Amino acid sequence: MKALSRLTFILAATAVIPLTGSSQTTQQSTETIYNQHEVFDPSFFTQSGNMYRSASGIPGPAYWQNRANYEIHATLNEQDTTLTGEVKIHYLNNSPDSLHYLWLQIDQNLFAPDSRGAATTPISGDRFDVKGYTQGGEHIHSVEVAYKGKSYKIEPVISDDRMQLRLPVTISPKGGAVDVKVNYSFSIPRYGADRMGRLYTKNGVVYELAQWYPRMCVYDDIKGWNTLPYMGLGEFYLEYGDFDYYVTVPASMIVAGSGVLQNPEDVLTKAQQSRLKKAAGSDSTVSIVSESEIGTDAARPTTKGNLTWHFKMKNSRDIAWSASKAFIWDAARVNYPSGRKGLANAVYPVESKGVHRYGRATQYLKQSIEFYSKHYFEFPWDNATAVAGVALGMEYPGIVFCMYNIQDGNLFHDVTHEIGHNWFPMIVGTNERRFMWMDEGMNTFINSFASNWFNGGEYGDTTNRDVMQMSRVLKNSTDPLITAPENMGLRDYGQYYFKTAVGMKILRNVVLGPERFDYAFKQYIHNWAFKHPQPDDFFRIMNSAAGEDLNWFWKQWVYNTWQLDQAVTNVRQATEDVKEGCLITILNKQKMVMPVLVRVTEQNGKVTNLKLPVEVWQRGPKWTFKVNTTSAVTKVELDPDHDLPDGDLQNNVWTK
């Protein structure tokens, strides 16, 4: 989902917070609320590993995961802005359990007037603006299942945006398969909870189609059937499978979709096919459909009736697509570390044209994919597209929806954030409905590296402003990161993005160091690619691969809303001889602990930088340590480069 503007989030969070350091000084107070037994808690995170999920954080020898392959045929009816479709699902039960019923998600019911999402939207509205409308909701026309050669008609039981199929048969465990066929239709909402919808432009409507077919709920070893409703903020949790889909639209439209187009000879002109071939060999952006061609007969193989676009995508958890007669279309080659080649595309209306807008979107997308592929995990699909439309920012495998009217740095950050979601949660398949921090936060973390790398840091930020701002946010935080999205305050959910990202930055830069952190983080990605990790799995693999018991960190950063305040309380010479060193006493005043970064400056100009491990706080809130000196100490400063979110910077400094 769209990365919140850092400035917007910080301004909102700090509007009710006084500037830090204004009420306390080292001399005025040495009080503390710290309890070492609370943070270094031996009872925290003591669950044993099992055959499904090992104690080391990797999938266990008996790990299993169900699978759903989809064949979809859908038609966009522009006259009444509806979509009609038929989905065939081949569902494979790899679990050790017999299944007597199935659960599917029918997400379009979010837009029914009586949906739970509409009922729980504030009267003033919010970003998702789920209020329902009279034509909203999914219409299920028929359901059939086929099992071991026999077909059965099913009367579905629909509860809000979930559909239960009570089976006349039992699906056997460890390999039993069933085929499900659903005929359905729905009216396309104009504003689909900031994830899909219709944008009206000069040359036609831009349709963004997502959550557009009934999808299998996940059945896993943690919750069994995962049936939390779709209500707005909480996103998705999906099974992996292969997709073979056909979308029929008016012949005047261009379609961009997840996966690879299978029939370019049917839906593109010879000139467009030639341009695509050129783009596949070019690192520079190539125009496939130019502004001057929009609405002309020459831009389409036919202008009468409908055309069907056929796409395929392997081993994905979802698909989405967009269609419009208003599209300009650009493309360029993507270079993968293995030597594979792919294609990055951007489609957008004339309202979004120009070098400051979507004229550079193809390069934003291409180079982001290349960066994430090189540093984390190679992008597994051959095609990706950025679409300019009504959604502020939303991600799907191989396609991202970004707002049509943003530009320059805002557009770059939107594109790199949304395509970054293809790693979290499209490759590492976390449960967004329960653990939003695991996809939004980890993605925001890697986005910062892509931003600093792109075009020599054109849109980057190498300062520690995010860490310093987080110290202010923590003062007003009431909900921990482990809070489920629908329980998080609408003013607070930005913490899923930035508190997580800052925490990862602190782990990398201060606690573990880049080499140990990067190795462990990549172990997590590679071991859980196309699987379903839980928070515990992430904690375990980071602990194990980095070789560090980080439970103190997970408890305070993910499960609590604690603050950090380290203070210098006393500096004195060890003896009368200044060359015998000085003794420094520090105090941990708040509940959170971190390693201690110290800079000692002497009268003769000598500067000593020290790092004390977090274990200095294991026995209590106060610690005294010795620093070897050659002259009198004139200044002691904690965290001089602001690598930690210390809530009171005034008591970090002692001067003679």
Side-chain angles (χ1 to χ4, degrees), residues 1-25 28-29 31-35 38-39 120-122 124-128 232-234 435-438 440-442 444-445 448 461 463-507 510 552-567 587-594 621 638-639 642-652:
M1 191 170 63
K2 172 70 172 72
L4 298 180
S5 161
R6 280 183 165 81
L7 180 60
T8 300
F9 174 59
I10 296 303
L11 286 177
T14 58
V16 294
I17 306 170
L19 292 176
T20 60
S22 60
S23 61
Q24 293 180 329
T25 67
Q28 289 173 328
S29 175
E31 63 185 0
T32 176
I33 60 172
Y34 174 65
N35 179 351
E38 193 171 15
V39 63
T120 56
T121 296
S124 58
D126 60 19
R127 171 182 165 185
F128 308 100
L233 179 57
F435 308 115
M436 188 170 169
W437 66 274
M438 293 186 75
E440 294 295 353
M442 292 186 190
T444 301
F445 171 67
S448 63
D461 181 2
T463 71
N464 273 345
R465 286 187 300 172
D466 54 346
V467 178
M468 297 176 69
Q469 291 163 342
M470 185 51 58
S471 69
R472 300 180 182 181
V473 174
L474 292 175
K475 283 181 173 288
N476 203 40
S477 176
T478 58
D479 295 320
L481 288 177
I482 202 65
T483 304
E486 304 307 339
N487 297 97
M488 179 70 81
L490 288 174
R491 284 176 55 87
D492 299 329
Y493 75 87
Q495 292 185 60
Y496 288 134
Y497 300 75
F498 299 116
K499 184 179 178 183
T500 307
V502 168
M504 301 282 278
K505 182 176 181 178
I506 291 169
L507 275 179
V510 180
W552 59 272
F553 184 89
W554 310 129
K555 180 176 182 179
Q556 65 185 12
W557 202 264
V558 178
Y559 285 86
N560 286 284
T561 59
W562 296 344
Q563 300 173 45
L564 177 70
D565 185 8
Q566 298 175 347
L587 180 70
N588 201 72
K589 303 185 68 172
Q590 287 283 342
K591 290 189 173 186
M592 183 183 289
V593 294
M594 286 289 173
L638 304 183
D639 189 26
H642 307 303
D643 292 306
L644 300 171
D646 195 301
D648 185 350
L649 297 181
Q650 285 193 359
N651 61 26
N652 283 27

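What you see below is based on every heavy atom in this structure, not just the backbone, and it leaves out hydrogens, waters and symmetry mates. Nothing here was measured: the structure is a model prediction, and the numbers come from that model.
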Subject >> Those residues that, when tested against Thr561, pass side-chain hydrogen bond (donor to acceptor under 3.5 Å, both in side chains) (two or more places apart) >> reply: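 side-chain hydrogen bond (donor to acceptor under 3.5 Å, both in side chains) check on Thr561 returns nothing, list empty.
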**OP:** Only counting residues at least two apart or in another chain, list the ones meeting side-chain hydrogen bond (donor to acceptor under 3.5 Å, both in side chains) with Asp643.
**Re:**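 Once residues adjacent in sequence are excluded, the partners of Asp643 under the side-chain hydrogen bond (donor to acceptor under 3.5 Å, both in side chains) criterion are Asn464.
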To the closest 0.5 Å, what do you measure between [atom1] ([X]) and [atom2] ([Y])?
X      : Y      : atom1 : atom2 : result
Lys499 : Leu474 : NZ    : CG    : 5.5 Å
Leu481 : Glu440 : CG    : CD    : 12.0 Å
Asp646 : Asn652 : CG    : CG    : 4.0 Å
Met436 : Tyr493 : CE    : OH    : 6.5 Å
Asn476 : Arg491 : CG    : CZ    : 7.5 Å
Asp461 : Asp466 : CG    : CG    : 7.0 Å

Heavy atoms only: give me the nearest [X]-[Y] pair and the separation to one decimal.
X      : Y      : result
Asp565 : Asp648 : OD1-CB, 3.6 Å
Gln563 : Gln590 : O-CB, 3.1 Å
Pro485 : Gly234 : CB-CA, 3.7 Å
Ala567 : Lys589 : CB-CD, 3.9 Å

Subject >> Within residues 553-563 or reaching into it, pairs that qualify as salt bridge (Lys or Arg N to Asp or Glu O under 4.0 Å) - sequence neighbours excluded >> reply: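 Applying salt bridge (Lys or Arg N to Asp or Glu O under 4.0 Å) to every pair that reaches into residues 553-563, excluding sequence neighbours, yields Asp41-Lys555.
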**OP:** Could you list the residues that satisfy side-chain contact (heavy atoms from CB on, under 4.5 Å) with Ile482, not counting sequence neighbours?
**Re:**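 Here the qualifying residues are Phe435, Trp437, Pro480, Pro535, Val558, Tyr559.
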Subject >> For Met468, side-chain contact (heavy atoms from CB on, under 4.5 Å) partners two or more places apart >> reply: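 Here the qualifying residues are His642, Leu649.
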Would you say that [X] contacts [Y] through its side chain, given a criterion of any heavy-atom pair below 4.5 Å between the two side chains?
X      : Y      : value
Leu587 : Tyr34  : no
Val39  : Lys591 : no
Pro645 : Ile506 : yes
Lys505 : Val467 : yes

Original post:
Going through the distances and angles, do Thr478 and Asp492 end up as a side-chain contact (heavy atoms from CB on, under 4.5 Å)?
Top reply: CA-CA 8 Å; Thr478 58; Asp492 299 329; 3.6 Å; yes
Original post:
Is it true that the side chains of Asp479 and Asn487 contain a donor and an acceptor less than 3.5 Å apart?
Top reply: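 Checked: Asp479/Asn487 side chains show no N/O donor-acceptor pair below 3.5 Å.
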Return yes if some donor-acceptor pair links the side-chain N/O of [X] with the main-chain N/O of [Y] below 3.5 Å, else return no.
X      : Y      : value
Gln556 : Trp562 : no
Thr32  : Asn588 : yes
Gln566 : Met594 : yes

**OP:** Check the pair Val473 / Phe498 against side-chain contact (heavy atoms from CB on, under 4.5 Å), numbers first and verdict last.
**Re:** CA-CA 10 Å; Val473 174; Phe498 299 116; over 6 Å; no
Taking only residues two or more places apart in sequence, or in another chain, which ones meet [X] in a ring pair (Phe, Tyr, Trp, His ring centres under 6.0 Å)?
X      : value
Phe445 : Phe449, Phe517, Phe521
Trp554 : Phe538, Phe539
Phe553 : Trp557

